[in-house]
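Owing to the predicted nature of the structure, the values given are computational and were not obtained by experimental measurement.
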Amino acid sequence: MSEHLEEVMEEHGEYCLRVAYLYVKDWTIAEEIVQDVFFAYYRQRDRFEQRSSLQNVFYKKTNA
């Protein structure tokens, strides 16, 4: 795992988990969703444009 991804997960992981839980009402499923979100971010991080915050990006992906 890259150092950048670790930092991003540390900074935004709890937020993403809470948002996912609000939708699914199951912590295990919420954790799986968050893992998928961070994996998608990691695969496409070079396409991320700094026009919006990472928190907004994760919120959108968590709600997808």
Notebook entry, point to check: With side chains defined as the heavy atoms from C-beta onward, is the minimum distance between Tyr21 and Ile29 less than 4.5 Å?
Noted result: no
Check: Do Trp27 and Leu17 have side chains that get closer than 4.5 Å, going by heavy atoms?
Finding: yes
Note to self: Show every salt bridge (Lys or Arg N to Asp or Glu O under 4.0 Å) that has at least one partner inside residues 8-25, sequence neighbours left out.
What the structure shows: Glu14-Arg18
Check: Going by the salt bridge (Lys or Arg N to Asp or Glu O under 4.0 Å) test, which pairs reach into residues 28-40, not counting sequence neighbours?
Finding: none
Check: Can you name the closest pair of heavy atoms from Ala30 and Val24 and give their distance?
Finding: N-CG2, 3.9 Å
Next item on the list: List the atom of Val34, the atom of Gly13, and the distance in Å for their closest heavy-atom pair.
Entry: CG1-O, 4.4 Å
Notebook entry, point to check: What distance do Met9 atom CE and Ser2 atom OG have between them, rounded to the nearest 0.5 Å?
Noted result: 9.5 Å
Note to self: Do Phe38 and Tyr42 land in one hydrophobic cluster if side-chain heavy atoms of ILVMFWY residues count as linked below 4.5 Å?
What the structure shows: yes
